[in-house]
Amino acid sequence: MTTGNPHNALLLGIDFGTSRTAVMSNRKFKELIHSVVGYPRDIIGVKILNRTQVIGAEALDKRSLLELHFPLENGVLREGSEKELEAAHELLRHTIELAEPRAGEKICGVIGVPARASVANKEQLLKLTEGLMDIAMVVSEPFMVAYGLSKLTNAFIVDIGAGTTDICAMKGTVPSVENQATILKGGDYVDELLVAAIRDAYPTAQLDRHVARRIKEHSSFVGEPGDPIIQILRLNGRPTEVDLTDAVRATCETIVPDIVEHLKRLLLVFDADHQAEALSNIILAGGGSRIRGLGAMIGHHLREYGDVRVTMVADPDFSGAQGALKLAMELPPEYWNQIGDVIGTVG
Ligand SMILES: Nc1ncnc2c1ncn2[C@@H]1O[C@H](COP(=O)(O)OP(=O)(O)OP(=O)(O)O)[C@@H](O)[C@H]1O
Ligand SMILES: [Mg+2]
């Protein structure tokens, strides 16, 4: 394969996620941005902020002044209104600007999106890059993770994101729809269940899903508990110590059965000769891969299938963007249309 960057372009690897967008460039730029755009609710907001839009973490912080738009939902681009598409476009523009393109240089980007969006919305996603990139390719994110790890054959990628969990059986080619599965249970789903479980145990507790998410990210686990998870919550307004061990465990474990069932089903897409190797290459990615004990529990449920090895990527925040950048750097843009869906040309 020819490698290099024949056009001296700015090459970008972007992982466009439901909750966060990661970007890396061939000039070693690396950033993680919350996938949210906020527009001031009224003229007072415009006056206080002195801007007509706010992107990323700042938008979440100032959400009382803003109407928030999260461009992806349940693993697909929201296409309901012009505003949603504008928010997605602005988010991409911001992401690219952060990477500091130089005047006049070509911008070539590989964009990893949830597997479902790469099927449902790819044309719309490519259109969003018009005017922002000279050439853009949209590919499914689990494939990007596999590419980054050079695990392109006889492996499973299980990408546990905020909106969805994507499972992909890698068979040495760009995965077809039959070799992928999308489960609409990711971190957001766990957060919602955790809010309900805590309210169930402590009916007077005041919390929303942002608080639940913080608790989860701090203490998520499945299987045997370690130290009890003690948090201070306001019960009827009064700060009180509560034990959330059972609630965290039960809600985190809700994602396991679907993952196991889809792994069993997708195992059959490999020839019998390759199944043992695939089972020794189950790789967890995405923020949810940080749930303690998850790999061991998945392995346990698959114990009748022989030796199973479940590992997690070293850097769940950037493994998709890193794979996208690697592809952008290894494959000259004129060949991109052999891998994914492409818009634009270079040269
Ligand atoms: N330690 C942790 N334990 C459990 N979940 C975590 C942890 N850290 C992050 N997460 C969850 O991971 C999710 C974010 O993961 P990621 O950044 O991979 O998602 P995304 O790419 O934005 O979403 P998607 O792939 O669905 O579009 C959030 O739901 C977050 O709460
Ligand atoms: Mg993701």
Side-chain angles (χ1 to χ4, degrees), residues 13-23 31-36 56-57 60 70-78 88 91 95 111-121 125 138-146 148 157-168 180-195 208-223 226 229 244 247-256 258-259 283-295 297 312-324:
I14 298 177
D15 172 358
F16 192 20
T18 307
S19 93
R20 287 175 314 174
T21 293
V23 55
E31 185 73 70
L32 201 57
I33 306 142
H34 285 273
S35 303
V36 56
L60 290 179
F70 295 83
L72 292 173
E73 185 185 42
N74 292 333
V76 294
L77 188 67
R78 286 194 215 209
L91 184 64
T95 305
I111 307 175
V113 296
R116 224 171 144 230
S118 74
V119 177
N121 300 120
L125 279 158
V138 168
V139 267
S140 99
E141 191 195 323
F143 172 67
M144 283 298 85
V145 173
I157 305 295
V158 181
D159 176 6
I160 308 161
T164 61
T165 295
D166 290 320
I167 305 181
C168 178
Q180 303 191 53
T182 295
I183 306 162
L184 291 182
K185 290 179 184 168
D188 291 347
Y189 172 79
V190 173
D191 299 346
E192 274 170 37
L193 291 186
L194 187 55
V195 171
D208 61 13
R209 62 192 174 86
H210 300 287
V211 175
R213 177 174 172 163
R214 262 206 313 276
I215 294 170
K216 176 196 73 178
E217 290 181 0
H218 190 251
S219 54
S220 64
F221 77 103
V222 296
I229 300 167
L244 301 180
V248 170
R249 174 183 181 169
T251 50
C252 288
E253 287 184 355
T254 57
I255 62 168
V256 177
D258 289 284
I259 293 175
I283 299 152
L284 305 184
S289 67
R290 293 194 173 99
I291 297 175
R292 188 169 52 80
L294 187 58
M297 182 170 273
M312 67 179 274
V313 296
D315 186 349
D317 292 332
F318 285 99
S319 58
Q322 197 194 334

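Every number for a ligand or one of its atoms is a count from 1 in the order of the listing.
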Looking only at N/O atoms, are Ala162 and ligand 1 under 3.5 Å apart anywhere? yes
Protein contact of atom 1 (N) of ligand 1 - nearest heavy atom, named by residue and atom, plus distance: Glu217 O, 3.2 Å
Relative to ligand 1, is His218 under 4.0 angstrom through side chain, backbone, both or neither, heavy atoms considered? neither
For Thr164 versus Pro114, what's the shortest heavy-atom pair and its separation? OG1-CB, 4.3 Å
Would you say Arg209 has more than 12 foreign heavy atoms packed within less than 6.0 Å of its CZ? no
Go through it in stages, so that I can follow the logic: the residues are Phe16 and Thr95, the test is side-chain contact (heavy atoms from CB on, under 4.5 Å), and I'd like the CA-CA distance, side-chain angles, deciding distance and then a yes or no. CA-CA 10 Å; Phe16 192 20; Thr95 305; over 6 Å; no
With heavy-atom distances below 4.0 Å as the criterion, list the atoms of ligand 1 near Gly17. 20 (P), 21 (O), 22 (O), 27 (O)
Shortest protein heavy-atom distance from atom 15 (O) of ligand 1, along with the residue and atom involved: Gly287 N, 3.2 Å
Nearest neighbour in protein (non-hydrogen) for atom 24 (P) of ligand 1: Thr18 OG1, 3.4 Å
Considering the options Leu91, Leu72, Leu32, which one meets the side chain to side chain contact (heavy atoms under 4.5 Å, CB included) requirement together with Thr21? Leu91
I need the atoms of ligand 1 closer than 4.0 Å to a non-hydrogen atom of Gly286, numbered in the order shown. 18 (O)
Please report whether ligand 1 has a polar contact with Gly163, defined as an N or O pair separated by less than 3.5 Å (distance criterion only). yes
N/O/S of Glu141 less than 2.8 Å from the Mg ion (ligand 2)? yes
Do any N or O atoms from the side chain of Ser319 and from the backbone of Val145 form a donor-acceptor pair under 3.5 angstrom? no
Can you list the atoms of ligand 1 that are under 4.0 Å from a heavy atom of Pro114? 27 (O)
Is there a polar contact between ligand 1 and Asp191, counting only N or O atoms under 3.5 Å apart? no
Arg213 contact mode with ligand 1 (heavy-atom cut-off under 4.0 Å): side chain
Compute the minimum heavy-atom distance from Leu72 to ligand 1 and say whether it is under 4.0 Å. no
First locate atom CZ of Arg214, then atom CG of Leu194, and finally report the distance between them rounded to the nearest 0.5 Å. 12.0 Å
Exercise: identify the closest heavy-atom pair between Phe221 and Arg249: CZ-CB, 3.4 Å
Checking a contact table here: which protein heavy atom is nearest atom 11 (C) of ligand 1, and how many Å away? Lys216 NZ, 3.8 Å
What atoms of ligand 1 come within less than 4.0 Å of a heavy atom belonging to Thr164? 26 (O)
Taking only non-hydrogen atoms of Gly288, do any sit less than 4.0 angstrom from ligand 1? yes
Please work out, at 4.0 Å between heavy atoms, whether the side chain, the backbone, both, or neither of Ser19 comes within that distance of ligand 1. both
So the atoms of ligand 1 within less than 4.0 Å of a heavy atom of Glu141 turn out to be 25 (O)
Examine Asp15 against ligand 1 and note whether any of their N/O atoms are separated by less than 3.5 Å. no
Shortest non-hydrogen contact between Gly186 and Thr165, atoms and distance: CA-OG1, 4.0 Å
When you measure from the side chain of Asn121 to the backbone N and O of Leu77, does any donor-acceptor pair fall under 3.5 Å? yes
At their closest point, which heavy atom of Cys168 faces which heavy atom of Gln180, and how far apart are they? SG-CG, 4.2 Å
List every atom of ligand 1 that sits less than 4.0 Å from any heavy atom of Ser220, numbering the atoms from 1 in the order shown and giving each element. 1 (N), 2 (C), 3 (N), 4 (C)
Minimum-distance pair of heavy atoms, taken over all atoms of Asp15 and Gly320: OD2-CA, 4.0 Å
Using a plain distance cutoff, I'd like to know if Asp159 has any nitrogen or oxygen under 3.5 Å from a nitrogen or oxygen of ligand 1. no
